[in-house]
Amino acid sequence: MADMRTPLNKVRGLGSAKEGADHFWKQRITGLANIPLTLFLVVTVILLAGKDHSTVAAYLGSPLAAIAMMALVISGAIHMRLGMQVIIEDYVHGEGAKIICLMTNTFFTILMGLACMYAIIKLSLGN
Amino acid sequence: MADARSPADRPLSPHLQIYKPMLTMMMSIVHRATGAALYFGSLLLAWWLIAAAAGPDYFEFVNGLAGTLIGKIVLFGYTWTLIHHMLGGVRHFIWDTGKGFELPTIEFMARASLVASLGLTAIVWAVGLWCTGAP
């Protein structure tokens with residue numbers, strides 16, 4: 001028998017998944033954190049521009065700089081993943097391609113974050 | 001969500017090419033474009049951190065690349081992209097409070113953030129070049 005119900009009717013009354021604001025909220029929280037952390041990055045890059053390796057390694061390995069840099073990497077990676085997720089959902093319509101893109105997005109942001117964290121930890125432990 | 005899609009070939013709502021370009025619309029597009037650019041630009045930050053962790057030889061190599069003309073152009077673009085996306089985010093925070101939706105305010109914030117992003121990028125680079133003693 002042909003299904004005469006509209007797509008809207010099928011989902012009406014089921015209730016929400018209770019995570020509607022989750023994506024929005026995480027994007028705002030990480031975005032807010034990224035403001036001071038980005039300013040820190042800009043100041044850091046200005047201070048370290050043209051400096052030799054030992055100076056840069058010592059600065060990036062110092063506790064405050066390392067912690068701020070790790071915070072930037074974590075907050076930035078989450079922010080990037082959420083932002084790119086929306087772009088993919090907007091423009092990639094094929095179901096298979098969309099899922100592959102979303103998974104690639106997750107893997108890319110996690111790997112990028114881990115690579116940065118590894119480098120910062122290595123610098124912090126005296127290289 | 002394949003099930004929720006209607007099989008009927010319904011008309012699509014008008015998309016970008018239908019509308020006359022306006023500043024507020026361009027700022028919205030640029031906010032997304034800068035976000036996507038920063039997504040891939042994060043590889044540069046990762047590269048720099050890994051180079052610093054890898055040791056003096058490789059770090060000097062990467063530092064040398066950053067100091068070339070192309071390297072500086074990329075970093076200049078990165079700086080503006082970062083600052084512009086950040087100011088775009090601040091505009092969104094203002095809208096999130098439910099304020100700033102009057103047309104003159106929206107227009108003003110669009111212009112102000114564009115001017116501010118260009119100005120701040122220039123200031124950051126002027127300070128940076130002054131600190132490194134480059135001309």
Side-chain angles (χ1 to χ4, degrees), chain A residues 3 6-8 10-11 24 27-28 31-32 34-35 38-39 41-43 45-54 56-61 69 72-73 76-77 79-81 83-84 86-87 89-90 93 95 98 105 108-109 111-125 127, chain B residues 1-8 31-36 38-43 45-63 66-67 72 75 78-79 82-83 85-90 92-93 96 120-121 123-134:
Chain A
D3 192 351
T6 63
L8 181 62
K10 278 183 198 164
V11 296
F24 173 91
Q27 192 70 309
R28 303 300 143 146
L32 186 63
N34 284 347
I35 294 176
T38 298
L39 296 176
L41 175 69
V42 170
V43 172
V45 171
I46 288 177
L47 287 175
L48 296 180
K51 296 284 190 297
D52 64 359
H53 175 259
S54 58
V56 173
Y59 178 93
L60 290 176
M69 196 64 86
L72 173 64
V73 168
H79 193 81
M80 278 163 48
R81 178 173 170 268
M84 188 54 77
V86 175
I87 295 180
E89 288 166 349
D90 277 357
H93 299 306
E95 201 60 22
K98 183 166 74 185
N105 179 36
F108 173 81
T109 47
L111 277 177
M112 202 280 306
L114 282 176
C116 289
M117 295 292 280
Y118 175 81
I120 299 163
I121 291 167
K122 188 163 182 255
L123 287 162
S124 302
L125 298 179
N127 209 8
Chain B
M1 285 312 200
D3 208 23
R5 197 176 301 143
S6 165
H31 188 67
R32 174 165 283 196
T34 50
L38 290 167
Y39 183 91
F40 297 104
S42 68
L43 287 171
L45 175 65
W47 192 16
W48 183 62
L49 290 172
I50 291 165
D57 292 342
Y58 190 66
F59 183 77
E60 291 308 323
F61 166 69
V62 173
N63 229 4
K72 278 182 183 156
L75 288 175
Y78 197 166
T79 313
L82 198 57
I83 291 173
H85 191 77
M86 186 171 82
L87 292 175
V90 171
H92 277 282
F93 281 132
D96 287 346
L120 285 173
T121 306
I123 291 171
V124 164
W125 272 74
V127 172
L129 290 174
W130 182 72
C131 282
T132 53

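Excluded from the calculations below are hydrogen atoms, water molecules and symmetry mates; all remaining heavy atoms, backbone and side chain alike, are included.
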Contact origin within [X] toward chain B - heavy atom pairs under 4.5 Å:
X: A/Leu41; answer: side chain
X: A/Phe24; answer: side chain
X: A/Leu60; answer: side chain
X: A/Leu39; answer: side chain

Answer yes or no: is there a side-chain heavy-atom contact under 4.5 Å between [X] and [Y]?
X: B/Trp125; Y: A/Ile46; answer: no
X: A/Met80; Y: B/Phe40; answer: no
X: B/Leu49; Y: A/Met69; answer: yes
X: B/Trp48; Y: A/Leu48; answer: yes
X: B/Leu45; Y: A/Met112; answer: no

Worksheet item: Would you say the side-chain atoms of B/Asn63 pair up with the backbone N or O of A/Asp52, donor to acceptor, closer than 3.5 Å?
Response: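 Such a contact is absent between B/Asn63 side chain and A/Asp52 backbone.
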Worksheet entry | Under 3.5 Å donor-acceptor, A/His53 side chain and B/Glu60 backbone |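 It does not hold such a pair.
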Discussion item. As an exercise: rank A/Val42, A/Ile120, A/Asn105 by heavy-atom pairs under 4.5 Å with chain B and give me the winner.
Written reply: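 That would be A/Asn105.
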Item to complete: Report the option among A/Ile87, A/Val43, A/Thr38 that has the most heavy-atom pairs separated by less than 4.5 Å from atoms of chain B.
Response: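 The option with the most such pairs is A/Ile87.
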Pick one of side chain, backbone, both or neither for [X], based on which atoms fall under 4.5 Å of a heavy atom in chain A.
X: B/His92; value: both
X: B/Ile50; value: both
X: B/Asp57; value: neither

Worksheet item: Of all of B/Ala36, B/Ala66, B/Ser42, which one pairs up most often with chain A through heavy atoms under 4.5 Å apart?
Response: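 Highest number of pairs under 4.5 Å: B/Ser42.
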Heavy-atom closest contact ([X] atom, [Y] atom, distance):
X: A/Arg28; Y: B/Phe93; answer: O-CZ, 3.4 Å
X: B/Ala53; Y: A/Ala119; answer: CB-O, 3.7 Å
X: B/Ala52; Y: A/Val56; answer: CB-CG1, 4.3 Å

Practice prompt. Kindly determine whether A/Val45 and B/Tyr78 satisfy side-chain contact (heavy atoms from CB on, under 4.5 Å), including the steps that lead there.
Written response: CA-CA 12 Å; A/Val45 171; B/Tyr78 197 166; over 6 Å; no
Discussion item. Once rounded to the nearest 0.5 Å, what's the spacing between atom SG of A/Cys116 and atom CH2 of B/Trp47?
Written reply: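 So the gap between those two atoms works out to 13.5 Å.
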Worksheet item: Which word best sums up how the rings of A/His79 and B/His85 line up, parallel for under 30°, tilted for 30 to 60°, or perpendicular for over 60°?
Response: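 The rings of A/His79 and B/His85 stand perpendicular, inter-plane angle above 60°.
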